[in-house]
Asks: 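Sharing a structure, written as structure tokens. Questions coming.
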Amino acid sequence: MWTGEGKTLLKPMRAMNEATTQVDRYQRLVLKVGSALVAPGDEGVSTQHLLGIARFVIEARERGREVILVSSGAVAAGGAAQDGAVRPGHRSIPEKQGLAAVGQPLLMAHWNRLFDFPCAQVLLTHGDLHERTRFVNAKNTLSQLLDLGTLPVVNENDTVATEELGVGDNDNLAAHAAVLAEADALVLCTDVDGLYDADPRTHPGAQIVPVVDEIDEHIYAMAGGGAGTQAATGGMRTKIEAAEKATARGIDTMIVNGIDAARLDALHDGTVRGTLFRRAETPMGARKHWMLHALPSAGRILVDEGAAEALRRRGASLLPPGVVGAEGDFARGDAVEIAVQANGHAAEVIAKGITQYGHRDLRRIRGHQSDEVRRILKDAPAELVVQRDDLVVMREG
Ligand code: GLU
């Protein structure tokens, strides 16, 4: 807002979509820069928007903060280098993987040119996050890179991973990086002003939501579906998923329009000009968070309403009598979803946990008391199907 002598003189158009909120001081920041900023118009990497972003990174470091970049744009850079042979929107997954291999060094060279300190390339896949040893290795390396004074630049290892190239998204990767690095802030830098309360393309009166204290279905509904621009693989939905992961671990998450460098600069003083998703007051423990967000589910255990109630409200473990079914080919030690099926309703997922039984054994012992379980399965591995310590309840009642 432009003001003079305490009075508002003129309100620029953009201010309509602007809201400011203060955020606590942060020390370690993960900054995710989307393809729309790295490679605008799908013409390959460009400095058009990156100069302002680089200046922000330099100043943050000068102020004693640690910064990790998560940069998209490998596929876009590769596509442009191949002379646009395969146009965006028509690329198969193997083509995108090839283009990422061509583009990733170009992307790194591009970032390197903007800084006087070294950039360090960190390529991650989902496997690195859910396999505990690799998770710990990646965590140690990131911390080492910060100690060395480098700027880690993280991207998906697209040449070997297909999940992200299929559906998006470096937003979720950035949340994982923030958790790995034990950051206290995650900034999703994009080409929109924040989360709108309705789709601004169809609702001209849509307003930016300045602060989100709790992420629920209502917030997801605001995000709608699909990606904003062609170069970007993610959309608002993946940003909310990322915010859900990061805030649960105590990391403030922000969506900021990086085309307007002043909005990034405002972050130096803790002013968020965009949407702030406030961190959880009581962060989830590291192991439970990893189980819930990094471990993929191999199947699903269906439970009755009594068991669901005990899990949700009484902090109980899951016992065989409460199990009514098992879906998927999971083995002992796998992570599974736990869902309750109320009469005639679709199953609702209420928890995630590590199962002591594989799907075949579980189908045999479901609904039985423990003495019967031992009769049915002589070498029954455990009394409990899922122990409380191996269980994360999503919505405690
Ligand atoms: N990893 C992809 C790339 O660098 C981008 C994925 C995304 O933008 O979410 O091209």
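All heavy atoms count here, side chains included; hydrogens, waters and symmetry mates do not. Here the structure is a predicted model, which means the values were calculated and not measured.
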Asks: Could you check whether the rings of Phe117 and Phe115 sit parallel, tilted or perpendicular, using 30° and 60° as the cut-offs?
Replies: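 Parallel.
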
Asks: Charged N to carboxylate O under 4.0 angstrom, Asp184 versus Arg279?
Replies: no

Asks: Which pair of heavy atoms, one from Asp304 and one from Pro321, lies closest together, and at what distance?
Replies: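 Residues Asp304 and Pro321, closest heavy atoms: OD2-O, 4.0 Å.
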
Asks: Between atom CD of Gln27 and atom CZ of Arg63, what is the distance when rounded to the nearest 0.5 Å?
Replies: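 Answer for the CD-CZ pair, Gln27 versus Arg63, is 12.0 Å.
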
Asks: Is the backbone N or O of Ala181 less than 3.5 Å from a side-chain atom of Arg28, with the two atoms forming a donor-acceptor pair by type?
Replies: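 Checking the backbone N and O of Ala181 against the side chain of Arg28, a donor-acceptor pair under 3.5 Å is found.
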
Asks: Do any N or O atoms from the side chain of Ser297 and from the backbone of Gly299 form a donor-acceptor pair under 3.5 angstrom?
Replies: no

Asks: State, to 0.1 Å, how close Asn155 and Leu173 come at their nearest heavy-atom pair, and which atoms those are.
Replies: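 So the two residues come closest at C-CD2, 3.5 Å.
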
Asks: Verify side-chain contact (heavy atoms from CB on, under 4.5 Å) between Val153 and Met108, making sure each step is shown before the conclusion.
Replies: CA-CA 8 Å; Val153 182; Met108 285 307 292; 3.9 Å; yes

Asks: How about Gln104 and Gln121: does a side-chain donor come under 3.5 Å of a side-chain acceptor?
Replies: yes

Asks: Give the table of side-chain donor-acceptor pairs shorter than 3.5 Å for residues 45-58, with sequence neighbours excluded, one pair per line with atom names and distance.
Replies:
residue, atom, partner, partner atom, Å
Ser46, OG, Gln48, N, 2.9
Arg55, NH2, Asp265, OD2, 2.6

Asks: Would you say the side chain of Val33 lies within less than 4.5 Å of the side chain of Val70, judging by non-hydrogen atoms?
Replies: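 No, every pair of side-chain atoms sits at 4.5 Å or beyond.
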
Asks: Decide side chain to side chain donor-acceptor pair (under 3.5 Å) for Glu95 and Ser92; before the verdict, give the C-alpha distance in whole Å, the side-chain angles of both, and the deciding distance to 0.1 Å.
Replies: CA-CA 5 Å; Glu95 278 164 347; Ser92 66; 3.3 Å; yes

Asks: CD of Glu309 to CZ of Arg314: how many Å apart, nearest 0.5 Å?
Replies: 6.5 Å

Asks: Please give me the minimum heavy-atom distance between Val30 and Ala174, naming the atom from each residue.
Replies: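 That would be CG1-O, 3.9 Å.
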
Asks: What I want to find out is whether Asp389 reaches Lys288 closely enough, with some N-O distance under 4.0 Å, to be called a salt bridge.
Replies: no

Asks: Taking side chain as C-beta onward, heavy atoms only, is Phe330 less than 4.5 Å from His359?
Replies: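 Of all side-chain heavy-atom pairs linking His359 with Phe330, at least one is under 4.5 Å.
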
Asks: State, to 0.1 Å, how close Ala294 and Leu129 come at their nearest heavy-atom pair, and which atoms those are.
Replies: CB-O, 3.8 Å

Asks: Go through Asn170 and Glu156 one step at a time and tell me if the side chain to side chain donor-acceptor pair (under 3.5 Å) criterion holds.
Replies: CA-CA 7 Å; Asn170 271 9; Glu156 173 94 13; over 6 Å; no

Asks: With distance as the sole test, does Gln82 use its side chain to make a donor-acceptor pair with the main-chain N or O of Gly79 at under 3.5 Å?
Replies: no

Asks: Any idea which heavy atoms bring Asn157 and Thr125 closest together, and the distance?
Replies: CB-CG2, 3.6 Å

Asks: Do Glu182 and Lys139 sit within salt-bridge range, that is, some charged N less than 4.0 Å from a carboxylate O?
Replies: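 Salt bridge flag = yes for Lys139 with Glu182.
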
Asks: Could you walk me through whether Glu305 and Val340 pass the side-chain contact (heavy atoms from CB on, under 4.5 Å) test, one step at a time?
Replies: CA-CA 6 Å; Glu305 286 181 73; Val340 59; 3.9 Å; yes

Asks: Can you tell me if Thr253 uses its side chain to pair, donor with acceptor, with the backbone of Ile251 under 3.5 Å?
Replies: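 Checked: pair present.
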
Asks: Closest approach of Ala177 and Leu142, non-hydrogen atoms and distance?
Replies: O-CD1, 4.3 Å

Asks: Determine, using the 4.5 Å side-chain heavy-atom cutoff (strictly less than), whether Val324 and Val336 are members of one ILVMFWY cluster.
Replies: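 Unlinked, Val324 and Val336 end up in two clusters.
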
Asks: Where the side chain of Thr275 meets the backbone of Leu195, is there a donor-acceptor pair that is under 3.5 Å apart?
Replies: yes

Asks: Distance-only, no hydrogens or angles: does the Gln22 side chain make a donor-acceptor pair with backbone N or O of Gly270 under 3.5 Å?
Replies: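 Such a contact is found between Gln22 side chain and Gly270 backbone.
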
Asks: Is there side-chain contact between Leu318 and Val303, with at least one heavy-atom pair below 4.5 Å?
Replies: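 Yes; the side chains approach each other to less than 4.5 Å.
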
Asks: Could you walk me through whether Val192 and Asn257 pass the side-chain contact (heavy atoms from CB on, under 4.5 Å) test, one step at a time?
Replies: CA-CA 5 Å; Val192 291; Asn257 191 335; 5.5 Å; no

Asks: Give a yes or no on whether Glu281 atom CD has more than 12 heavy-atom contacts from other residues, nucleotides or ligands under 6.0 Å away.
Replies: no

Asks: Hey, any chance Val154 and Leu123 share a hydrophobic cluster, counting ILVMFWY side chains that come within less than 4.5 Å of each other, even indirectly?
Replies: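 They do not share one cluster, since no chain of ILVMFWY contacts under 4.5 Å joins Val154 to Leu123.
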
Asks: Are Glu348 and Arg312 close enough, and set up right, to give a salt bridge (charged side-chain N to carboxylate O under 4.0 Å, His left out), and what steps lead you there?
Replies: CA-CA 13 Å; Glu348 183 199 354; Arg312 273 175 160 164; 3.1 Å; yes

Asks: Please round to the nearest 0.5 Å and tell me the distance separating atom SG of Cys189 and atom CG of Leu264.
Replies: 4.5 Å

Asks: Are Leu302 and Ile350 linked, directly or through other ILVMFWY residues, by side chains that come within less than 4.5 angstrom of each other?
Replies: no

Asks: Look at the side-chain heavy atoms of Ile, Leu, Val, Met, Phe, Trp and Tyr, link any pair under 4.5 Å apart, and say whether Ile240 and Val209 land in one connected group.
Replies: yes

Asks: I would like to know whether Arg366 and Asp361 meet salt bridge (charged side-chain N to carboxylate O under 4.0 Å, His left out); could you show each step before the answer?
Replies: CA-CA 9 Å; Arg366 68 177 168 203; Asp361 286 349; over 6 Å; no

Asks: When you measure from the side chain of Glu337 to the backbone of Val349, do you find a donor-acceptor pair of N or O atoms at a distance under 3.5 Å?
Replies: no

Asks: Would you sort out whether Thr355 and Val385 count as a side-chain contact (heavy atoms from CB on, under 4.5 Å), showing the intermediate values?
Replies: CA-CA 6 Å; Thr355 176; Val385 177; 4.1 Å; yes

Asks: Please determine, by modelled atom types, if Glu241 and Thr238 share a side-chain donor-acceptor pair under 3.5 angstrom.
Replies: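 Side-chain D/A pair, Glu241 to Thr238: absent.
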
Asks: Phe135 versus His130: any side-chain heavy-atom pair under 4.5 Å?
Replies: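 In short, these two side chains do not touch, never coming nearer than 4.5 Å.
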
Asks: Please determine whether the number of non-hydrogen atoms from other residues, nucleotides or ligands lying under 6.0 Å from atom CZ of Arg360 exceeds 12.
Replies: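 No, because the 6.0 Å sphere around CZ of Arg360 holds 12 heavy atoms or fewer from other groups.
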
Asks: In terms of side-chain geometry, is the basic nitrogen of Lys245 or Asp171 positioned less than 4.0 Å from the acidic oxygen of its partner?
Replies: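 Judged by the 4.0 Å cut-off on N to carboxylate O distance, Lys245 and Asp171 do not form a salt bridge.
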
Asks: Report the distance from atom CE of Met284 to atom CE of Met291, rounding to the nearest 0.5 Å.
Replies: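 Reported value, rounded in 0.5 Å steps: 9.0 Å.
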
Asks: State the CG-CG distance between Leu267 and Leu31, to the nearest 0.5 angstrom.
Replies: 8.5 Å

Asks: State, yes or no, whether a side-chain contact exists between Arg332 and Ile354 at a heavy-atom distance under 4.5 Å.
Replies: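 Sidechains of Ile354 and Arg332: no contact.
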
Asks: Find the distance between CD (Glu372) and CD1 (Ile376) and round it off to the nearest 0.5 Å.
Replies: 6.0 Å

Asks: Quick one: do the Tyr26 and Glu66 side chains pair a donor with an acceptor below 3.5 Å?
Replies: no

Asks: Going by atom types only, do Asp197 and Gln207 share a side-chain donor-acceptor pair under 3.5 Å?
Replies: no

Asks: Any donor-acceptor pair under 3.5 Å linking the side chain of Asp216 with the backbone of His218?
Replies: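 Checked: pair present.
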
Asks: So that I can tick it off, tell me whether Glu383 and Arg374 are bridged by a salt bridge, with the cut-off set at under 4.0 angstrom between side-chain N and carboxylate O.
Replies: yes

Asks: Give a yes-or-no answer on whether the side chains of Ser143 and Asn140 include a donor-acceptor pair shorter than 3.5 Å.
Replies: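 Checked: Ser143/Asn140 side chains show no N/O donor-acceptor pair below 3.5 Å.
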
Asks: Using a 4.5 Å cut-off on heavy atoms from C-beta on, say whether the side chain of Gln369 contacts that of Leu319.
Replies: no

Asks: Quick check on the hydrophobic clustering: are Leu295 and Val392 connected, directly or via other members, by side-chain heavy-atom contacts under 4.5 Å?
Replies: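 Per the 4.5 Å side-chain linkage, Leu295 and Val392 are co-clustered.
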
Asks: Keeping the roles fixed (side chain from Arg363, backbone from Ala326), state whether a donor-acceptor pair exists under 3.5 Å.
Replies: yes

Asks: Has the side chain of Arg249 got a donor or acceptor atom that lies under 3.5 Å from a matching backbone atom of Ala178?
Replies: no

